[in-house]
Novice: 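To start, I am sharing the structure in question, which I have written as structure tokens.
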Amino acid sequence: MNSAPGEHLADDDEAVFWRVIEYLIQARLLDGEVSSHGAINVALTPAGERAIAGTRGYGDPSLSQLTEGQQRLFTEIGEVSAGLPHHQREFSYGYEEFGGGDFISGADGYELPAIWNDLSKLVQAGLLEWTTQGSLGYRFVVTAKGEQAYREASRVTADRLTGVEEAVTGYLRGDQIAARYPRAYKRWLDAEQLLVSGRREDLTVVGHTAREAMQLFSSELISLHGPSDASPDPSKTVQRVRSVISMHKEQLGETKEAVLTALVAYWGTVSDLAQRLEHAAQKEGQPVSREDARQLVHLTAQVVFEIDRSLPRPSS
């Protein structure tokens, strides 16, 4: 729909009205564009529909009735379960002799401290179900309702990204970025969609996809600016981006060039993060998490955002 502030609103009310509309769009509760003339193409997003429906907290009414600690416990169990083959999605609960407390354990050496009351609340909420309870031990699985609640929690978490991260990713989704770097944009968007899916098995694919997006961005950046000394090797992302910055150093000035040079080093670190995620942290011996993937997708966008905004626009 198209919208403009009603004449019945006082000037101060109008200013607040448009600030609220703009905030709701930035928060992804509304979709649309705000300008000095009003708002166009305003519509509720799925996150906005859930908010109006009264869904709170982690996105599912069952979770909203739990304490924060119980919500975190369920989210971790849900993440681990989603990343395992179906036949390994049964967990044990009991006393750990050497750990000195009660633990949840599962496949792949998974172990998580937990108290009986929290686990019982998750069962009562219908998110978990006992498969064995008594002298033979205590074992449980995530229910179909729990799996749905976990997927919803993952989507809501992604929807609630705000502030700088929202501004960066919003800019990256803009038409100009898609026009200047179409292949890199497409791969970054693929990585973001894999992240939003919430599936644990997609995390390593996020790493591979983000690394490809970075390589494609450096290639398209070179095609756009045309430095003659750029490396032809697409894997040399740091060297290739640095050649573009060097080409524009006089126009950039000493301070901005120094900032972008530091950003290139940052670019190399982000590339390392992509490789770590892609190979599931095999060298470190630590499993990767959804937070690793979120950080990678955001930082990849951050690098593209800053480099594109800082470099002079090439002449047509």
Side-chain angles (χ1 to χ4, degrees), residues 22-23 25-28 154 157-197 202-225 234-246 248-249 252-253 255-278 281 288-313:
E22 186 174 7
Y23 171 79
I25 289 174
Q26 291 175 350
R28 296 190 192 178
S154 298
T157 298
D159 285 341
R160 295 193 317 188
L161 295 175
T162 55
V164 174
E165 190 163 342
E166 277 295 316
V168 171
T169 54
Y171 178 85
L172 201 66
R173 293 189 194 93
D175 293 340
Q176 292 183 352
I177 286 290
R180 284 195 287 272
Y181 318 104
R183 292 187 299 159
Y185 169 79
K186 174 63 169 61
R187 294 308 283 156
W188 177 84
L189 201 61
D190 290 342
E192 188 195 37
Q193 291 304 310
L194 286 166
L195 173 64
V196 172
S197 75
D202 287 339
L203 296 184
T204 58
V205 187
V206 171
H208 175 75
T209 306
R211 188 166 64 86
E212 284 190 341
M214 296 170 73
Q215 292 179 356
L216 289 169
F217 173 69
S218 65
S219 295
E220 290 177 311
L221 193 68
I222 288 170
S223 296
L224 200 62
H225 291 267
S235 68
K236 305 292 185 183
T237 54
V238 171
Q239 182 179 338
R240 304 180 93 204
V241 174
R242 184 178 288 128
S243 68
V244 177
I245 295 172
S246 179
H248 292 293
K249 62 182 179 182
L252 290 169
T255 301
K256 184 168 284 189
E257 183 195 2
V259 170
L260 289 184
T261 298
L263 189 62
V264 172
Y266 176 76
W267 174 274
T269 302
V270 174
S271 180
D272 292 342
L273 177 60
Q275 288 190 325
R276 176 183 181 274
L277 193 66
E278 181 179 3
V288 294
S289 68
R290 187 178 183 281
E291 176 61 18
D292 293 325
R294 183 210 63 80
Q295 186 179 54
L296 173 61
V297 171
H298 170 58
L299 293 181
T300 302
Q302 181 81 48
V303 171
V304 172
F305 175 82
E306 295 296 345
I307 290 176
D308 180 72
R309 284 179 64 104
S310 299
L311 289 174
R313 292 286 175 263

Novice: Sequence neighbours excluded, which residues qualify as side chain to side chain contact (heavy atoms under 4.5 Å, CB included) partners of Ser223?
Specialist: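 Partners of Ser223 by the side chain to side chain contact (heavy atoms under 4.5 Å, CB included) criterion come out as none, since no residue qualifies.
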
Novice: If you take all heavy atoms of Pro234 and Ser218, which pair is closest and at what distance?
Specialist: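 Minimum heavy-atom contact is O-OG, 4.3 Å.
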
Novice: Partners of Arg240 by salt bridge (charged side-chain N to carboxylate O under 4.0 Å, His left out), sequence neighbours excluded?
Specialist: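 Partners of Arg240 under the salt bridge (charged side-chain N to carboxylate O under 4.0 Å, His left out) test: none.
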
Novice: To the nearest 0.5 Å, what is the distance between OG (Ser243) and CD (Gln239)?
Specialist: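 One finds 7.5 Å between OG of Ser243 and CD of Gln239.
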
Novice: Any donor and acceptor pair, going by atom type alone, linking the side chain of Ser310 with main-chain N or O of Ile307 inside 3.5 Å?
Specialist: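 No; judged by distance alone, with no hydrogens or angles, the pair does not exist.
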
Novice: Kindly compute the distance separating CD (Gln295) from OG1 (Thr300), expressed to the nearest 0.5 Å.
Specialist: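 Gln295 CD to Thr300 OG1: 10.0 Å, rounded to 0.5 Å.
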
Novice: Looking at every heavy atom in both Arg180 and Leu224, which two are closest together, and how far apart are they?
Specialist: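 That closest heavy-atom pairing would be CD-CD2, 3.8 Å.
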
Novice: Can a donor-acceptor pair be found, under 3.5 Å and without considering hydrogens, that links the side chain of Glu220 to the backbone of Arg183?
Specialist: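 It does hold such a pair.
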
Novice: Please answer whether the main-chain N or O of Val297 pairs with a side-chain N or O of Trp188 as donor and acceptor at a distance below 3.5 Å.
Specialist: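 Answer holds: yes.
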
Novice: Name all residues meeting the side chain to side chain contact (heavy atoms under 4.5 Å, CB included) criterion together with Val244; count only those two or more places apart in sequence or in a different chain, and write none if there are none.
Specialist: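 Partners of Val244 under the side chain to side chain contact (heavy atoms under 4.5 Å, CB included) test: Leu221, Ile222, His225, Pro227, His248, Leu311.
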
Novice: Taking all heavy atoms of Ala213 and all of Ala184, pick out the closest pair and write down the distance.
Specialist: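 Where Ala213 meets Ala184 most closely, the heavy atoms are O-CB, 3.5 Å.
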
Novice: Report the residues that fulfil side chain to side chain donor-acceptor pair (under 3.5 Å) with Thr209, sequence neighbours left out, ordered by chain and then residue number.
Specialist: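 Scan of Thr209 (side chain to side chain donor-acceptor pair (under 3.5 Å), adjacent residues dropped) gives none.
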
Novice: Holding to side chain to side chain donor-acceptor pair (under 3.5 Å), I want the full list of residues that pass it with Ser246, two or more places apart in sequence or in another chain.
Specialist: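 Per chain and number, Ser246 pairs via side chain to side chain donor-acceptor pair (under 3.5 Å) with no residue.
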
Novice: Under 4.5 Å between any side-chain heavy atoms of Tyr181 and Asp308, yes or no?
Specialist: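 A side-chain contact exists here, since the closest heavy-atom pair is under 4.5 Å.
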
Novice: Any side-chain heavy-atom pair from Tyr266 and Leu299 closer than 4.5 angstrom?
Specialist: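 They are in contact (side-chain heavy atoms under 4.5 Å apart), so the answer is yes.
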
Novice: Would you name the heavy atoms of Val206 and Leu296 that are closest together and state the gap between them?
Specialist: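 Smallest heavy-atom distance, with atoms named: O-CD2, 4.1 Å.
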
Novice: So which pairs with a foot in residues 259-271 pass salt bridge (Lys or Arg N to Asp or Glu O under 4.0 Å), sequence neighbours left out?
Specialist: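 Every candidate salt bridge (Lys or Arg N to Asp or Glu O under 4.0 Å) pair involving residues 259-271 fails, so no pair, neighbours aside, qualifies.
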
Novice: Using 0.5 Å steps for rounding, measure from the OG1 atom of Thr204 to the CG atom of Leu194.
Specialist: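 Between Thr204 OG1 and Leu194 CG, I get 9.5 Å after rounding to 0.5 Å.
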
Novice: Hey, does Leu252 have a side-chain heavy atom less than 4.5 Å from the side chain of Pro312?
Specialist: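 Yes, close enough: below the 4.5 Å cut-off.
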
Novice: Quick one: list whatever passes salt bridge (charged side-chain N to carboxylate O under 4.0 Å, His left out) with Glu257, sequence neighbours left out.
Specialist: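 Per chain and number, Glu257 pairs via salt bridge (charged side-chain N to carboxylate O under 4.0 Å, His left out) with no residue.
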
Novice: Nearest 0.5 Å, please: how far is OG1 in Thr237 from CZ in Arg242?
Specialist: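 Going from CZ on Arg242 over to OG1 on Thr237, the span is 10.0 Å.
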
Novice: Checking Arg187 now: which residues fulfil salt bridge (charged side-chain N to carboxylate O under 4.0 Å, His left out) with it, not counting sequence neighbours?
Specialist: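 For Arg187, the residues satisfying salt bridge (charged side-chain N to carboxylate O under 4.0 Å, His left out) (neighbours in sequence not counted) are Asp190, Glu212.
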
